[in-house]
Structures are given as structure tokens and as C-alpha cells.
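The sequence lines fix the lettering, A, B, ..., with proteins before strands; numbering per chain opens at 1. For the numbers below, each heavy atom of this structure counts, side chains included, while hydrogens, waters and symmetry mates do not. Keep in mind that this is a model prediction, so the values were computed, not measured.
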Number of protein chains: 2
Amino acid sequence: MARTAPPRVLLVEDEPAQRAVLAYNLEAEGFDVIQADNGEDALLLVSEEAPDIIILDWMMPKLSGIEVCRRLKMRPETRGIPIIMLSARAEEVDKIRGLETGADDYVVKPYSVLELMARARAQLRRVRPSTAGVVLEHEDIRLDPESHRVFRGEKSLKLGPTEFKLLVTLLERPGRVFSREQLLDLVWGRDIYVDTRTVDVHVGRLRKSLMQHGGSDPVRTVRGAGYALG
Amino acid sequence: MARTAPPRVLLVEDEPAQRAVLAYNLEAEGFDVIQADNGEDALLLVSEEAPDIIILDWMMPKLSGIEVCRRLKMRPETRGIPIIMLSARAEEVDKIRGLETGADDYVVKPYSVLELMARARAQLRRVRPSTAGVVLEHEDIRLDPESHRVFRGEKSLKLGPTEFKLLVTLLERPGRVFSREQLLDLVWGRDIYVDTRTVDVHVGRLRKSLMQHGGSDPVRTVRGAGYALG
DNA sequence: TTCATTTGTTACATAATCGTCGCAGGACTG
DNA sequence: CAGTCCTGCGACGATTATGTAACAAATGAA
């Protein structure tokens with residue numbers, strides 16, 4: 001995957017253990033991680049480090065995440081930076097929303113790290129034309145998220161909605177093996193109950209769609225583990 | 001979400017109450033906890049249970065933590081396991097340091113449980129990069145956990161699920177000898193009953209797979225003890 | 001050497017996993 | 001409203017992996 005400079009994320013969380021876990025995972029995903037354990041430092045670091053995205057815990061000593069969020073969204077030079085808020089309970093999300101802090105997304109603890117990653121990437125794609133306009137590519141497969149179009153070589157392909165999301169997910173990390181459970185999380189959403197075998201069916205459909213004009217099977221089955229691209 | 005095996009921590013602390021608190025918290029964090037209340041048991045359990053990390057109290061009857069630490073760091077097969085020493089007062093840390101016991105980190109009582117967790121995780125990340133992004137390597141064998149791919153030199157290898165997990169385990173600590181029981185624990189899971197001889201068969205299969213394109217046998221048999229890589 | 005023990009290897013029955021098909025229900029469209 | 005598309009599920013067969021037993025080879029001790 002051709003990359004520009006790695007995206008910089010400012011991670012604001014006062015609980016050291018949680019921060020460490022997240023930082024570790026974010027770094028493993030190729031993010032440049034800047035850390036802060038309170039709101040005041042966070043505000044300083046935003047100007048100093050110019051992060052591309054902010055992950056912000058709600059509950060923090062001194063300045064709460066809500067307050068930090070509000071202030072950042074007021075300043076014109078920082079209001080474009082997407083903010084993902086972490087909150088401890090689902091009801092709190094409504095509260096935060098009600099306060100109109102302007103956060104771009106909310107994740108409820110305990111969250112799946114994969115989900116948080118996916119949302120962070122989604123936000124980045126949204127605001128960062130370098131990533132947003134860029135088509136996802138792998139070998140001869142091209143996918144333009146904007147126009148919702150998929151090509152294999154020169155031929156245009158027709159995919160169903162689920163096939164499309166599935167391909168986007170796989171395309172975001174070519175080579176990486178996703179378990180059926182992970183794919184259910186990322187493509188279907190965590191709270192939906194569907195049988196894991198359903199993933200198989202859709203992978204099969206995606207395969208057929210990708211090969212409708214010929215070509216080899218780009219999806220790799222890893223027995224006992226899951227699926228990957230290439 | 002598919003997990004790798006949970007990290008195993010050997011907790012050595014003679015004071016029951018403190019040990020209970022720590023064990024509880026470690027388990028809540030997803031560690032697999034093995035407990036000992038004296039240094040002798042600790043030394044035994046290290047070989048039997050193959051922990052990923054050791055948390056060691058300084059003051060203990062019989063063998064002190066310092067002595068245990070020194071002995072573990074002398075044996076080549078255990079010296080890679082990170083040790084965190086607990087000591088009662090700050091001045092003692094200097095003393096321990098002066099003794100050059102080789103502990104990897106020190107935490108002063110009374111410590112914050114959260115801090116101890118964070119340090120434990122930090123140590124694990126340091127020595128056990130298996131979880132993300134990092135490629136496990138030993139001599140000409142390369143294994144990428146993320147893409148589930150294995151190479152010997154330039155050639156790609158095809159392994160079955162069990163062979164793969166077995167290789168991951170061995171690769172996480174090249175040179176270390178694992179007993180058949182340990183391998184059953186780590187590869188098959190703690191509560192599965194299978195004959196220990198099954199390990200032999202799978203080691204044989206792994207050998208064949210690793211040598212399918214030629215090359216020498218990288219798995220060493222230690223008669224009466226188990227298997228190791230290199 | 002000879003013997004007992006441990007380990008390597010093969011074969012085979014069983015079990016688990018995977019790909020695919022068809023169907024019924026739902027959503028959406030014209 | 002009819003028609004089309006999509007979805008999730010159950011079922012079936014084909015493939016692959018697994019565990020065990022049996023036997024061969026090796027190792028080490030006496």
C-alpha cells in the first residue's frame with residue numbers, strides 16, 4: 001500500500017494501562033502516536049504536534065474530554081480535526097451528544113480495539129483528501145470509496161452492499177488475515193447477531209463477483225483462521 | 001475476536017493477601033496467573049509452566065527474590081523471561097540494582113496496581129512482539145502472524161493450523177526447550193485432553209513441512225525433556 | 001553387546017472446516 | 001403491486017486436519 005506520511009493520532013486518556021494498550025495497537029496499525037494523560041496537555045499538544053485525529057477519553061481529571069472537545073471545535077484552526085470520544089457507558093453517549101460537543105464519533109467502553117481502529121481510519125478517510133480521494137488498490141483490484149465503484153483490471157465490477165464493505169475491509173489491510181468474528185464486527189457491526197458461517201457465503205459471493213470477468217481468486221482462505229487478500 | 005494465548009504470569013509473593021489482590025487484578029486484565037509463595041516453588045514452576053513474565057517479591061522466606069532472579073538470569077533457557085521485582089522501600093531498589101540481579105524492572109511498594117499492570121504489559125511487549133505487525137524470525141525461518149505466512153529462506157511454506165501454532169510457540173522463544181506438557185498447554189489449550197505423544201506426531205509434521213523445500217531440521221529434540229528450536 | 005526406554009513415522013478412522021447451492025423472507029423499485 | 005435484488009441460513013459433499021495406535025528406529029545405560 002502506497003502511503004504518505006503516517007497519520008498522527010493524539011491519544012488522550014488518563015488511565016495509564018488503557019492508554020498503553022491503545023497506543024500499542026495504534027502504533028501497530030501504523031499510526032504515529034502522541035500521548036497525553038490530561039486535557040490541558042492535550043490542548044497544548046494539539047497546537048504543537050498538529051495531529052490528524054484525536055482520540056479523547058471522556059472522564060479525565062482537570063479538563064474533561066467534553067471540555068477539550070468543545071474548545072477544539074471552537075478554534076477554527078483545529079475544528080477540522082476529527083475527534084473520537086471514548087465513554088464508559090452507552091447512555092453517556094447520548095449525554096455527550098446532547099451537549100453538542102461536536103465530536104465526530106463515539107465509542108463505548110469496553111470497545112473492540114479493531115472497531116476503534118476502523119472508526120479512526122474512517123474518520124481519517126473522511127477529512128483527509130490524501131486518503132479520502134485515494135482509491136484502495138491491491139494488485140489488479142481498484143476500489144473507489146467515493147464513487148462506490150470497483151474495477152478488476154479495466155473491467156468494472158458489480159458488487160452487492162455487503163460484498164462491497166467486505167472488500168473495503170480486506171482492502172484496507174491486504175495480506176492481513178481476518179477471522180470471521182472480526183469481519184462480522186467490521187462489516188456487519190458488533191451488535192448484530194448473524195452466524196459466522198454467513199461470512200463464508202459472502203466471501204464466496206465476493207469471490208464470484210471478483211472473478212466474473214475471469215482472473216484468479218484474490219481471496220486467500222486460511223484454514224482455522226479466516227480470510228485475507230493476497 | 002480470535003486471541004493468541006493469554007500471557008502467563010508467574011506471581012511470587014509470600015504474603016497471601018497481597019498475592020490475592022494482585023492475582024485478582026492480573027486475571028481481570030486477561031493474564032493467566034500462576035502463583036507461588038516462595039522462591040523454591042517459583043524456580044520449579046518456571047520450568048513447568050513456562051510463564052511469559054515473572055513478578056517477584058524481594059523479601060521472601062527461604063530463597064529471596066534476589067536469589068531467584070539471579071538464578072533465572074543465569075540459565076540460558078529462562079533468562080529471556082522478563083522479571084519485575086517488588087520491593088518495600090525506594091532505597092531498596094538501589095540496593096537491588098547494585099546487586100545486579102538482572103531484573104528488568106522494579107516497582108516500589110506500596111505500588112499502584114495499575115502501574116504494575118502497565119509495566120508488566122510493557123515488558124511483555126518488549127519481549128513478545130507476537131501480537132501485531134512484527135515478524136517472528138529464527139535463522140532462515142520467518143513467520144508473520146498477521147498474514148499467517150511462513151517462509152523458509154525465500155520459499156513460502158504451507159502449514160496446518162496446529163503446525164502453525166506450534167511453530168509460533170517455538171519461535172517466540174528460540175532455543176528454549178518446551179516439554180510436551182507445556183506445548184499441549186500452549187498450543188492446544190489448558191483444558192483439552194490429548195495424549196502427550198500427539199505432540200510428537202505434530203512435531204514430526206512440522207519438521208516435514210519446514211523441510212519440504214530442503215534444508216536442515218531446525219527442531220531440536222531434547223531426550224527426556226522436550227523440543228526446542230535451534 | 002543387550003536391553004529398556006524414548007522418539008520418529010506411517011496409516012487410518014474420525015472429526016472439523018470450507019465451498020456451494022437453493023430457498024424463504026425482506027427491502028426496494030418501477 | 002409485481003418484479004428484482006439482497007440477505008441469512010441450513011444442508012450437503014468434498015477436502016483437509018486431527019488424534020491414536022502400531023511399529024520401526026534411535027538412544028542411553030548396564
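An OP1 or OP2 oxygen of C/dG19 is reached within less than 4.0 angstrom by a side-chain nitrogen or oxygen of A/Y227. Close to C/dC18, at under 4.0 Å from its OP1 or OP2, lies no side-chain N or O of A/T221. OP1 and OP2 of D/dA11 both lie 4.0 Å or more from every side-chain N or O belonging to A/R197. Considering only side-chain N and O atoms, B/R207 lies under 4.0 angstrom from the phosphate OP1 or OP2 of C/dG8. Side-chain N/O atoms of B/K158 include one lying less than 4.0 angstrom from OP1 or OP2 on D/dA17. Phosphate contact (OP1/OP2 of D/dG8, side-chain N/O of A/W188, threshold under 4.0 Å): present. Side-chain nitrogen and oxygen atoms of A/T198 include at least one within less than 4.0 Å of the OP1 or OP2 phosphate oxygen of D/dC9.
Between B/E181 atom CD and C/dT6 atom P there is a gap of 12 Å when expressed in whole angstrom units. In this structure, B/R220 places its CZ atom 20 Å from P of D/dA26, rounding to the nearest Å. The CE-P distance, from A/M211 to C/dG19, rounds to 11 Å in whole Å.
How far CG of B/L210 is from CG of B/D217: 8.0 Å, rounded to the nearest 0.5 Å.
A cation-pi contact links A/R176 to A/F178, judged by a cut-off of 6.0 Å to the six-membered ring centre and 45° from its axis.
Distances from the side chain of B/H202 to the nucleotides D/dG19, D/dG10, C/dC18 place D/dG19 closest. Closest approach to the B/D200 side chain among C/dT7, C/dC18, D/dC9 is made by C/dT7 (side chain taken as heavy atoms from C-beta onward). If you check D/dA17, D/dG10, D/dC6 against the side chain of A/P161, the one that comes closest is D/dC6.
Side chain to side chain, A/S156 and A/R142 fail the donor-acceptor criterion of an N or O pair below 3.5 Å.
In terms of polar N and O atoms assigned as donor or acceptor, the side chain of A/R205 never comes within less than 3.5 Å of the base of C/dG19 in a complementary pairing. For A/R223 and C/dT17, a side-chain-to-base donor-acceptor distance below 3.5 Å is present, hydrogens and geometry of angles not being considered.
Between the side chain of B/E67 and the backbone N or O of B/S64 there is no donor-acceptor pair closer than 3.5 Å. The backbone N or O of B/S147 sits less than 3.5 Å from a side-chain atom of A/R220, completing a donor-acceptor pair.
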